J.: 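Below is one structure. I have some questions about it.
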Number of protein chains: 2
Amino acid sequence: MKEGPDIARIATLIGDPARANMLMALMGGQALTATELAGAAGVTLATASAHLSKLEDGGLLSQRRQGRHRYFALADSAVAGLLENLAGLAATRGHLRHRPGPRDPALRRARICYDHLAGDFGVRMLDSLIGRGAIMADGEALQLTESGHRFFCEIGVDVDALKTPRRPLCRACLDWSERRSHLGGALGKAIFQHILAEGLAKREPESRAIRFTREGERRFLALFPVQDADAA
Amino acid sequence: MKEGPDIARIATLIGDPARANMLMALMGGQALTATELAGAAGVTLATASAHLSKLEDGGLLSQRRQGRHRYFALADSAVAGLLENLAGLAATRGHLRHRPGPRDPALRRARICYDHLAGDFGVRMLDSLIGRGAIMADGEALQLTESGHRFFCEIGVDVDALKTPRRPLCRACLDWSERRSHLGGALGKAIFQHILAEGLAKREPESRAIRFTREGERRFLALFPVQDADAA
DNA sequence: TTCATGGTTTGATCGTAACCGAAGCATCAT
DNA sequence: ATGATGCTTCGGTTACGATCAAACCATGAA
């Protein structure tokens, strides 16, 4: 009967709406305090506290006390990966809670997905990279090409520094708003940081939305041109 | 608050122990009847029926009536991927339910993981493939090399026929018993089918375990030799 | 037809866990 | 000290959903 790991344990953990909201909030990649998370989940601080301990000793969250604050973050990118996976499936299965229409336009346009760019801008970027032959797609597996390597070095992303056994360089991440893939992995993270560092865009304070400056958007589109009509 | 897809909905679906057991049973890759699944979950047929409808209109299961039987299977490999992901995380987080010790030795040795080989034999095979340069590993991303392509053609696996946009050729799948990766994806499936077709091994009837014949094991090890001491 | 088998529906029971308010601890500021 | 803020613990309420037995509906066999 019960062979293998206890899959139900963590699924239950994620299955509670309040906890799910907290986790999704943490997909923003930055640590949040208990009170902030309580707000995000729409519950009292008391209940939030209970949820957070459960999540923590479920191994999904890491926690750091700092003064009288308690900061929580996703335990690591494996957890983020699982959540992405879940979100991707949830977006395509069963009755969709929200129709694909623009619920929060800013979010659909550009947002942060744990540590890389997602939304319309995210999938466009990956499309462009594939189109120019910088990345080769084989199903959902992605591979950086020679020319892609050169391209990133030119624009100032040190690809070689990213090669770690712990995390794949390129990862396809299913975008729930666009229902297509965008670029995750170490490279996705590095590009995103590059974009922020260059001042093309910056994070909205209380949200996962990313706001591009007028000039930033122009430069972004120049860097990642869209060839023509996009495929469904 | 509630931005994005309803992650909690499917997590809840998976979070119930009975349903989780059913899903894990279906990771065997073959369709099972409602009664069989009831047995696997350890519940009455009545409750199983209720669970199955939920899973089905949650989009996790596909169902086919045949005579007076009703066969259920995982909806597709995306669902299987999510379950793998969950199992991998569950195996490494929190209190492990079963210690890594040999709970069911046959399962730890060789078993089926949706449609490819897992367990000790599975990770050995991937190790060997990486060791001989047939596959390149970059983090958890895997890439078939030229020489690997030749190798598989020689042993009778038609790699080119596997290239589909729908599913990646190579996929690293975290093995819960070994805590290391084995080979999934279209190639993993093809190799496994090849192994069965060649009669090196066959499935245990009521389990996910794979039994290698004495001769089959010899040929398997010859095909995928282990270089030396394996890394942790 | 009649009977058996596979599966669903109904109705009722029961447990668990999510939730909140209030009280209790810390940590920092004054 | 005194007070404020951030968080946890406690007690009690409530609701949802998992479960089963029994009745019911289908399909196939005799």
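Worth saying up front: this structure is predicted, and the values here are computed from it rather than measured. Residue numbers start from 1 in every chain, and the chains themselves are labelled A, B, ... in the order their sequence lines are given, proteins ahead of strands. Both backbone and side-chain heavy atoms feed into the values below; hydrogens, waters and symmetry mates do not.
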J.: Report the residues that fulfil side chain to side chain donor-acceptor pair (under 3.5 Å) with A/D120, sequence neighbours left out, ordered by chain and then residue number.
T.: A/R124

J.: Specify the residues of residues 26-34 of chain A, ordered by number, for which at least one heavy atom lies under 4.0 angstrom from an atom of DNA chain C.
T.: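 Within this stretch, nothing sits under 4.0 Å of the strand.
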
J.: Reading nucleotides 22-30 of chain C 5' to 3', which nucleotides get B (base under 4.0 Å from a protein heavy atom), which S (sugar-phosphate only), which -?
T.: -----BB--

J.: Write out a two-atom table: protein N or O, nucleotide N or O from nucleotides 11-15 of chain C, distance below 3.5 Å.
T.:
none

J.: Mind checking side-chain contact (heavy atoms from CB on, under 4.5 Å) for A/A209 and listing every partner two or more places apart, or none if nothing turns up?
T.: A/A106, A/L107, A/E204, A/S207

J.: Please enumerate all residues that pass side chain to side chain donor-acceptor pair (under 3.5 Å) together with A/R111, with sequence neighbours excluded.
T.: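 Residues passing side chain to side chain donor-acceptor pair (under 3.5 Å) with A/R111: A/D175, A/S177.
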
J.: Scan the side chains in residues 47-55 of chain A for donor-acceptor partners under 3.5 Å anywhere in the protein, sequence neighbours excluded, and list what turns up.
T.:
{"residue": "A/T47", "atom": "OG1", "partner": "A/T44", "partner atom": "N", "Å": "3.3"}
{"residue": "A/T47", "atom": "OG1", "partner": "A/T44", "partner atom": "O", "Å": "2.9"}
{"residue": "A/H51", "atom": "ND1", "partner": "A/R19", "partner atom": "NH1", "Å": "3.0"}
{"residue": "A/S53", "atom": "OG", "partner": "A/S49", "partner atom": "O", "Å": "2.8"}
{"residue": "A/S53", "atom": "OG", "partner": "A/A50", "partner atom": "O", "Å": "3.3"}

J.: One thing to verify: whether A/R219 and A/E198 come together as a salt bridge, which I'm taking to mean a side-chain N less than 4.0 angstrom from a carboxylate O.
T.: yes

J.: Return each pair, listed once, that meets side-chain hydrogen bond (donor to acceptor under 3.5 Å, both in side chains) where at least one residue sits in residues 65-76 of chain A; pairs must be two or more places apart or across chains.
T.: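 Matches after skipping sequence neighbours: A/D76-B/R93.
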
J.: Not counting sequence neighbours, which residues clear salt bridge (Lys or Arg N to Asp or Glu O under 4.0 Å) with A/D115? List them please.
T.: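 Result, salt bridge (Lys or Arg N to Asp or Glu O under 4.0 Å) vs A/D115: A/R167.
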
J.: Name all residues meeting the side-chain contact (heavy atoms from CB on, under 4.5 Å) criterion together with B/L169; count only those two or more places apart in sequence or in a different chain, and write none if there are none.
T.: A/D138, B/L144, B/V159, B/L162, B/K163, B/A186, B/L187

J.: Who are the ring pair (Phe, Tyr, Trp, His ring centres under 6.0 Å) partners of A/F220, not counting sequence neighbours?
T.: A/F121, A/F212, A/F224

J.: Can you tabulate the close N/O pairs, meaning under 3.5 Å, that link protein atoms to atoms of nucleotides 11-18 of chain D?
T.:
{"residue": "D/dA18", "atom": "OP1", "partner": "B/R19", "partner atom": "NH2", "Å": "3.2"}
{"residue": "D/dA18", "atom": "OP2", "partner": "B/R19", "partner atom": "NH1", "Å": "3.3"}
{"residue": "D/dA18", "atom": "OP2", "partner": "B/K54", "partner atom": "NZ", "Å": "2.7"}
{"residue": "D/dA18", "atom": "O5'", "partner": "B/D16", "partner atom": "OD1", "Å": "3.3"}

J.: Should A/R109 and A/E217 count as an ion pair when the cut-off is N to O under 4.0 Å?
T.: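 Looking at A/E217 together with A/R109, the answer is yes, because their closest N to O distance falls below 4.0 Å.
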
